[in-house]
Structure formats: C-alpha cells, structure tokens
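The model shown is predicted, which means the values in this text are computed figures rather than measured ones. The analysis underlying the following values was restricted to heavy atoms, covering all of them including side chains, and did not include hydrogens, waters or symmetry mates. Chain naming here is simple, since letters A, B, ... match the order of the sequence lines and numbering starts at 1 in each.
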Amino acid sequence: MNHDIEAYLDGVLDAEARKDFERQMAGDPALRQAVAEARQVREDLDWLAVEHGVGQAQGRFRAKKHVRQRLRRFLLLLLAGLLLVSLIVFRKKDDPAPALPDDRPALPAPPSAPAPGQNTLPPQTAPKPAAPDAGERKNRLFAAFFVPYKDPGIEPSQRGGAGMAPAERFLDHYWNDRYTEALALFETLDAGDQSNDNLLFVKANCLLATGRTTEAPPLLESILRNDRSRYMAETRWYLALAYLKAEQDRKARDLLRDIASDSGSARREDAKHLLQEWR
Amino acid sequence: MIMTSFSDKNAAFQQGCISCPTHSRIAKTSRPHVRQTLTAIFRSFIDRTGASVTNEALVDGLRMMHTAAIEHLMKKTEPSVRRLVSRAGLPEVVVPDILHDAVVVLVKKIRDEAYDPTESAPATYLIGIAKKLISNQLKQRKSPPTLALDATVDIPDEQTRIFLEGRERRALLQSLLDNLGEPCAQLIRLKYLEGYRDEEILQQKMTHYNTAMALRSKRSKCFQRLVELATSTKSRNSTINEKTPQETRKNDLV
C-alpha cells in the first residue's frame with residue numbers, strides 16, 4: 001500500500017494499476033485520507049526544495065554583491081589616491097622658481113652684437129622669473145632686458161679726479177653705476193652738454209636705471225628725431241624698453257618689431273627674444 | 001531532539017560523492033535532456049557583461065531552479081524591494097528575507113505552471129509578491145500598513161497565502177526530515193529536495209541500492225513514515241491546543 005501511494009502520486013502506475021488504486025480509494029476513506037496527507041507532504045517538500053535552492057542562490061548572490069561592493073570601494077579609494085597625487089604633482093609644477101639673491105630678476109639676456117670697432121661687453125645671463133600678472137610680467141621683462149648701455153666711448157678717459165670736466169664726471173658716475181649722482185650732475189651741465197644727444201642718451205639710461213621711466217621716452221624720441229647721435233640704433237632699443245616699462249604696449253611692440261625686422265640692427269636678436277618672451 | 005541542519009548533511013553527502021552534480025533541480029514535467037537544453041538556452045542568454053535576459057529564458061531558468069536565473073532575478077529586483085521595505089518603515093535587515101520569500105513564491109508558482117507570463121514580467125510579479133509579504137510583516141508587527149498599492153501588478157493572494165500559512169508546517173517537516181535517520185533522510189532528500197531521478201541515483205551510485213525496485217520500495221516506506229510523523233505531530237499539536245485542562249487530566253488517568 002505504501003508503495004502504491006507514492007507510485008500513484010508519481011504517476012508511474014500503469015493504467016490498470018492506477019484504476020485499481022482509484023477504486024480502492026473510492027471505497028476506503030482511510031486510504032483517501034492517507035493519499036491527501038501524502039500529497040500535502042509532497043507539496044511541502046517541493047516548497048522546501050524551492051526554499052533551499054533559492055537560499056543557496058541568495059547566498060551566492062550576497063557573496064558576489066559583497067565582493068562587488070568591496071571592489072567598488074577599493075576603486076573609489078584608488079581614484080581618490082590618484083587624484084590626490086595628480087593634484088600634488090600639478091601644484092609642484094606651478095610653484096614659482098626660488099627667489100634669486102640678486103635683486104635683478106633673471107632672464108637669459110640675449111648676447112648683444114658689438115658695434116663695429118668696439119669691444120664686446122660680457123653678456124649677462126640669469127634664469128627667467130615668473131610674472132604673476134601682465135604689469136608685473138612687463139616689469140620683469142624690462143628688468144631682464146634692460147642693461148644700461150656701456151661702450152668704450154662712454155668710458156671716462158680718466159678715473160675720478162678733480163680735473164675732470166663736468167661732462168666727464170657725469171659719464172664717470174654713469175660708468176660706475178652711480179645713476180642718481182649722474183642725473184643730479186647732468187642738471188649742472190651747461191646748455192651745450194645738456195643738449196648733446198649722446199649725453200642725453202646716457203641720461204636716458206640713467207632715468208631708466210633709476211625707475212624714472214616716464215621721463216626717458218621723450219628724451220629718446222627727441223634723439224631719434226634729431227638723428228645726430230651715434231647711438232641711434234641703441235636709442236630705438238632703449239626707447240622700446242622705456243615704452244614697455246611705461247606700459248605703452250603698442251608703441252613698444254611696434255618698435256620692437258621694427259628692430260626685429262631690421263637686418264642691420266645690432267639689437268635685432270634682442271628684439272626678437274623680447275617679443276618672444278612677451279607673447 | 002538532535003537538530004542536524006539539512007545543509008550540513010547535504011554538504012557531507014556532496015563531499016562523499018565525487019561524481020554527483022553539485023546542484024540539480026528538475027521540474028515536475030521535464031526530462032533530463034530537456035533540462036540540459038533549457039539550461040544551455042538560459043546560459044546562452046546570460047551575458048556576463050550585462051546583456052538583457054529575455055523573460056522567457058528567465059522563466060525557464062527559474063523553473064529549472066537555475067542558480068544564475070535566481071541570481072539574475074535577485075539582482076534585478078533587490079533595489080526595488082529595498083525601496084519598498086524602506087517606505088514601509090521596516091528595518092533594512094528584513095530585505096534579504098523578503099526578497100528570498102518573494103523569489104520562493106514566484107518560483108513555486110512557475111513550477112506549478114500557475115504563472116502566466118502574459119500578465120506581467122517575472123520581476124514585476126515578484127515586486128507585487130514582495131508588497132504582500134511586507135504588508136504581512138506590518139500586520140505581524142501590528143503596524144498600520146503604510147504601503148499603498150500603486151501601479152504594480154495586484155497579484156492574487158493564493159500562492160503567497162499558501163506560502164505564509166504553510167511556513168510552520170514546513171519548518172516542522174524539515175525538522176522531521178532531519179531526524180528521520182539514514183538512509184530514509186537521504187532517499188527523501190535526493191528525490192524530493194535535490195530532484196534526482198531514480199536512474200541518476202542508481203547510475204551515480206548515490207546510495208547502496210543497486211536496483212530501481214529496491215530503491216523505490218525503501219523510499220516509499222521512508223516516505224510513508226515521514227507522512228505518518230508529520231500527520232501525528234500535527235494532530236498532537238492541534239489536540240493539545242484544543243483540550244481544556246480538565247480533559248487533559250482525564251485522558252492522563254486513562
């Protein structure tokens with residue numbers, strides 16, 4: 001009988017056996033009850049099978065989810081770390097160059113071509129400073145490219161001495177970088193010396209060297225107009241620097257371009273370099 | 001009463017049988033080669049990079065109790081279930097239980113051929129089941145149901161009701177099965193819980209029975225024993241609950 005109930009419920013009885021079993025059920029309430037109870041247990045076992053299978057799958061699902069979460073967390077940390085490193089590296093690149101002991105900021109001063117028959121002056125080189133804003137940048141450019149002009153023609157014939165003519169003494173002050181004294185002395189020169197374009201050129205250099213840059217352009221423009229100084233080529237260059245310092249950008253650039261395009265100019269390369277730095 | 005977990009016994013069995021498949025489920029109406037074909041079909045639809053799985057393939061996979069199909073369904077529906085639990089004001093710890101129970105109800109419905117795919121997609125149906133389960137939890141906690149029925153499918157209560165009502169009975173059955181003793185527990189488990197056919201059990205030598213006749217004969221006796229235990233335990237429980245203290249004393253004297 002036991003065998004028959006399970007076999008009956010499994011549907012594996014042949015037709016005759018099934019009919020026989022069903023006949024027995026029809027006449028036996030106890031058998032009917034037993035079959036109903038067996039059916040219920042089978043149903044419950046099927047529920048248990050499903051619960052067990054789903055439970056196992058859920059276990060795997062949660063384990064995978066946990067791994068995914070940990071991986072996501074790790075990747076986020078990695079990304080944050082990379083971002084931090086990038087920021088640090090980026091900031092280091094932006095840091096300005098360390099300050100130099102010399103007051104004069106350093107740009108690689110272009111070698112100046114010597115005038116014919118004149119001795120060359122030692123070039124001055126220095127590292128390029130950073131210009132945080134436009135005005136400061138122009139100041140730095142000026143400082144980098146402005147070197148008070150000196151040549152043997154300006155060098156005093158004698159050093160010091162009470163016997164020096166005022167103009168000589170003016171040049172002596174200039175030659176020895178005593179620009180303020182030179183400017184003060186210039187005012188005591190006679191009219192003839194004060195209208196000497198060569199001396200005016202030196203005076204303009206003194207003005208530029210002492211920060212009285214707004215006073216230099218009119219002098220240098222006058223020299224150019226007069227066209228009688230032997231420092232004509234240099235005058236254009238220093239005028240361009242004066243315009244730069246005085247923030248007369250357009251005039252400065254125009255003049256620098258003229259100088260840069262002038263194949264005969266001794267300051268051609270200097271002008272090109274300055275224009276490049278100023279870009 | 002010694003409680004041995006079903007999973008421990010199952011694991012022990014699996015370890016002792018090298019040739020045994022690790023997981024096997026058969027639908028009531030499918031044959032082995034059909035099962036393999038459906039598994040292959042389902043796997044062909046599953047793309048690990050996340051391509052969509054057709055509802056048809058998913059239903060077939062769920063019918064076969066394929067782990068990948070169940071995982072796929074859980075992955076798809078867990079966020080929605082989590083939202084429902086949160087909106088109901090229930091703690092987040094109940095999310096796995098609600099999800100588990102909802103999947104069980106849906107899979108059982110599919111296996112019983114009671115699921116109509118034209119009504120709604122499996123995931124949508126599952127969300128509807130989850131809402132019923134959450135409402136039941138709220139009732140148990142004597143909280144007013146805050147979960148409003150929205151546009152999700154309003155599923156019939158029958159399957160969920162059967163699931164909820166039979167929970168205690170199934171827990172009892174599990175306990176009885178664990179304590180049935182060997183080889184009865186193994187024979188019942190192999191057929192009813194693991195879904196092995198007799199031919200597979202014999203072929204893979206999962207038991208010491210060499211013929212189908214001997215296997216079925218022993219298993220039938222074990223099954224009948226289980227039924228009797230379940231019935232007697234159930235009636236004993238219900239009898240105790242119904243008797244008055246005076247009636248209990250009277251019976252004791254007899």
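In terms of heavy atoms, A:W47 sits closest to B:R170 at CB-CD, 3.2 Å. Closest heavy-atom contact between A:L48 and B:L173: CD1-CD2, 4.0 Å. Nearest approach of A:D44 to B:R169, heavy atoms of both residues: OD2-NE, 2.6 Å. When all heavy atoms of A:V54 and B:M65 are compared, the pair lying nearest together is N-CE, 4.2 Å. Across all their heavy atoms, A:V50 and B:V104 have their closest contact at CG1-O, 3.6 Å.
For B:E168, the CD atom counts as loosely surrounded, since its 6.0 Å shell holds 12 or fewer non-hydrogen atoms of other residues, nucleotides or ligands. Enclosure of atom CD in A:E16 is not indicated, since only 12 or fewer non-hydrogen atoms of other residues, nucleotides or ligands lie within 6.0 angstrom. Heavy-atom neighbours of A:R268 CZ from other residues, nucleotides or ligands within 6.0 Å: above the threshold of 12. Atom CD of B:E199 is surrounded by more than 12 heavy atoms from other residues, nucleotides or ligands within 6.0 Å.
Residue contact with chain B, scored on non-hydrogen atoms closer than 4.5 Å, is absent for A:R39. For chain A, the nearby part of B:I188 is the side chain; its heavy atoms alone come within less than 4.5 Å. Interface remark: B:F223 contributes side-chain atoms only to the contact with chain A (heavy atom separation under 4.5 Å).
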Problem set entry | Step-by-step side chain to side chain contact (heavy atoms under 4.5 Å, CB included) determination, B:I70 to A:Q58 | CA-CA 8 Å; B:I70 297 171; A:Q58 188 175 40; over 6 Å; no
Problem set entry | Worked check of side chain to side chain contact (heavy atoms under 4.5 Å, CB included) between B:M74 and A:R60 | CA-CA 11 Å; B:M74 283 187 169; A:R60 284 166 56 111; over 6 Å; no
For this session: Begin from the C-alpha positions of B:D112 and A:D46 and carry the test side chain to side chain contact (heavy atoms under 4.5 Å, CB included) through to its verdict.
Result: CA-CA 10 Å; B:D112 290 346; A:D46 195 51; 4.2 Å; yes
For this session: Would you check, one step at a time, whether the test side chain to side chain contact (heavy atoms under 4.5 Å, CB included) holds for B:E194 with A:H52?
Result: CA-CA 9 Å; B:E194 300 290 339; A:H52 182 62; 4.3 Å; yes
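Shown here are the side chain to side chain donor-acceptor pair (under 3.5 Å) partners of B:E165, two or more places apart in sequence or in another chain: B:R161. By the side chain to side chain donor-acceptor pair (under 3.5 Å) test, B:R82 pairs with B:E78, B:E92, sequence neighbours left out.
To the nearest 0.5 Å, the span separating CG on B:L226 from CZ on A:R42 amounts to 12.0 Å. Rounding to the nearest 0.5 Å gives a distance of 7.0 Å between CD1 of B:I162 and CD of A:E43. The CG atom of B:L99 sits 6.5 Å away from atom CZ of A:F61, with the distance rounded to the nearest 0.5 Å. Note that CG of A:L9 and OG of B:S220 are 10.0 Å apart. Values are rounded to the nearest 0.5 Å.
With respect to A:E6, the salt bridge (Lys or Arg N to Asp or Glu O under 4.0 Å) criterion is satisfied by exactly one of B:R225, B:R216, B:K191, B:K218: B:K191.
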